[in-house]
Amino acid sequence: MNHLAHCLLSFQDDDLLVGNFIGDFVKGHDWQAYPERVQKGILLHRTIDSYTDHHERIRAGMARLRPYAGRYAGPVYDILCDHLLSLHWPEFSTEAFDVFAERTYSILMERVGEMPVILLDRVPRMVAGRFLHGYQTREGLEWVLDRFSRRLPPDFDAKALCDAFFADLAAFSQDFRVFFPELRAEAQRFAAVAM
C-alpha cells in the first residue's frame, strides 16, 4: 500500500495518521523515540505492509506485473493499489474523497514539524501538489510511476507497465476488492490493541 491507503487506514486518528504516514522513514527501533500513539501508527504501517506482502491476491497481482516491473513489482503494485482504492473509494469510505484528502493535507501540514528531517521539505511540496488526488486518474498514476522509475534502472518501462495494468484493470480490481476489506479488518484489529 502506498500513501492513500496508509492515510485511510489511520481511521481518522491524527496521531495514527502521522505515524502511519512516516512509517517508511523510521528505521529499526527509532519508532520508540516518538509519542505512544505515533509509535502505534508507525507499527500500524509495518503491519499493513507485512499483511499486504503476504496476501495471496497481492501475490497474484505482482506475478502479473513481474514481466514489466521485475523485482520492483512489490513497490509498483503498492502505487497501483492506491489508484484502485481511489477508483473504488465509495466502497471503502463513507467520507467523500475530497473531504478526506483535504483533512489529511491539513493534519500533515500541522504536524510536519514532528516528522523525520527528510520530510520537512517534502511534505509541503506533496501537499501543494495534492498528492492524494494524483492517484485518481491514469495521468496522475503515470506521473507517480514516472517519478518512482527515476530511482530504477533505465530499462524500467513505466508506460508499458501502465498499459498492461489498464488492459487488465478488471482482474486487478477484482483482486483488490477482495483484499482491501481483509486488510482493513487486520488494521482495525491492530489499531484497537493497547500498546
Side-chain angles (χ1 to χ4, degrees), residues 1-10 19-28 30-31 41-42 44-89 101 104-105 108 112 115-176 179-180 183:
M1 297 294 98
N2 211 41
H3 297 301
L4 181 59
H6 280 291
C7 291
L8 179 63
L9 295 176
S10 297
N20 209 341
F21 183 78
I22 67 175
D24 281 333
F25 302 94
V26 179
K27 304 303 180 191
D30 291 349
W31 61 273
I42 295 166
L44 173 59
H45 181 108
R46 294 177 181 180
T47 298
I48 290 167
D49 284 356
S50 176
Y51 186 86
T52 299
D53 290 345
H54 293 95
H55 197 282
E56 63 183 89
R57 293 289 184 135
I58 297 300
R59 288 180 175 273
M62 287 195 300
R64 291 197 301 275
L65 290 175
R66 202 156 277 117
Y68 306 94
R71 64 190 178 111
Y72 303 103
V76 165
Y77 200 32
D78 286 346
I79 294 168
L80 298 176
C81 279
D82 270 7
H83 176 71
L84 293 168
L85 176 56
S86 71
L87 192 65
H88 302 292
W89 185 263
T104 301
Y105 298 150
L108 294 178
V112 70
M115 297 182 187
V117 173
I118 192 172
L119 293 174
L120 297 182
D121 291 331
R122 187 179 296 182
V123 168
R125 288 195 311 269
M126 291 171 71
V127 169
R130 297 167 55 90
F131 70 102
L132 297 176
H133 284 83
Y135 295 107
Q136 291 186 297
T137 64
R138 178 171 180 158
E139 294 76 18
L141 181 63
E142 288 176 346
W143 184 88
V144 172
L145 286 170
D146 177 66
R147 299 287 294 186
F148 177 75
S149 71
R150 294 177 189 189
R151 295 177 271 165
L152 304 182
D155 61 342
F156 180 84
D157 188 344
K159 183 179 183 323
L161 185 143
C162 264
D163 288 345
F165 172 70
F166 282 101
D168 204 13
L169 187 61
F172 282 107
S173 287
Q174 183 178 5
D175 285 345
F176 185 81
F179 155 74
F180 196 77
L183 172 64

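In this structure the side chain of Leu65 reaches within 4.5 angstrom of the side chain of Leu80, judged on heavy atoms. Side-chain contact between Leu87 and Phe176: absent, with no pair of heavy atoms (C-beta onward) separated by less than 4.5 Å. Side-chain contact between Thr104 and Leu8 is absent, with no heavy-atom pair separated by less than 4.5 Å. A heavy-atom distance below 4.5 Å is found between the side chains of Tyr135 and Ile79. Two residues are said to be in side-chain contact when any heavy atoms from C-beta on lie closer than 4.5 Å; Leu183 and His55 fail this criterion.
Between atom CG of residue Leu141 and atom CD of residue Gln136 there is a gap of 12.0 Å, rounded to the nearest 0.5 Å. To the nearest 0.5 Å, atom CG of residue Leu9 and atom CG of residue Leu85 are 8.0 Å apart. Once rounded to the nearest 0.5 Å, the distance linking CG of Asp53 with OH of Tyr51 reads 12.5 Å. One finds the CD1 atom of Ile58 at 6.0 Å from the OG1 atom of Thr52 (value rounded to the nearest 0.5 Å). In this structure, the separation between CH2 on Trp89 and CG on Leu84 is 13.5 Å, given to the nearest 0.5 Å. For the atom pair CG (Leu4) and OG (Ser86), the distance works out to 6.5 Å, reported to the nearest 0.5 Å.
The two atoms that bring Ala69 and Phe156 nearest to each other are CA-CE1, 3.8 Å, heavy atoms only.
Within the structure, side-chain hydrogen bond (donor to acceptor under 3.5 Å, both in side chains) contacts touching residues 67-78 (residues at least two apart or in different chains) do not occur. Pairs of residues two or more places apart, or lying in two chains, that qualify as side-chain hydrogen bond (donor to acceptor under 3.5 Å, both in side chains) and include a residue from residues 147-159 are Asp146-Arg150, Lys159-Asp163. For residues 115-129, no residue pair satisfies the salt bridge (Lys or Arg N to Asp or Glu O under 4.0 Å) rule, not counting sequence neighbours.
By the salt bridge (Lys or Arg N to Asp or Glu O under 4.0 Å) test, Arg57 pairs with Asp175, sequence neighbours left out. For Tyr105, the ring pair (Phe, Tyr, Trp, His ring centres under 6.0 Å) test picks out Phe131, His133, with sequence neighbours left out. With sequence neighbours excluded, the residues forming a ring pair (Phe, Tyr, Trp, His ring centres under 6.0 Å) with Phe165 are Phe172, listed by chain and number. Taking the side chain to side chain contact (heavy atoms under 4.5 Å, CB included) definition, one finds that Asp49 meets it with His6, Asp24, His45, sequence neighbours left out. For Glu142, the side chain to side chain donor-acceptor pair (under 3.5 Å) partners two or more places apart in sequence, or in a different chain, are Arg138. With sequence neighbours excluded, the residues forming a side chain to side chain donor-acceptor pair (under 3.5 Å) with Ser173 are His88, listed by chain and number. Residues forming a side chain to side chain contact (heavy atoms under 4.5 Å, CB included) with Pro116 (at least two apart in sequence, or on another chain): Ile22, Phe25, Val26, Tyr34, Ile118, Leu119. For His3, the side chain to side chain donor-acceptor pair (under 3.5 Å) criterion is met by no residue, not counting sequence neighbours.
Judged purely by atom type and a 3.5 angstrom limit, Asp82 has no side-chain atom pairing as donor or acceptor with the backbone of Met1. Looking only at distances, no side-chain donor or acceptor of Ser50 sits under 3.5 Å from a matching main-chain atom of Thr47.
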Checklist entry - Going through the checks in order, is the side chain to side chain contact (heavy atoms under 4.5 Å, CB included) test met by Asn20 and Ile48? => result CA-CA 9 Å; Asn20 209 341; Ile48 290 167; 3.7 Å; yes

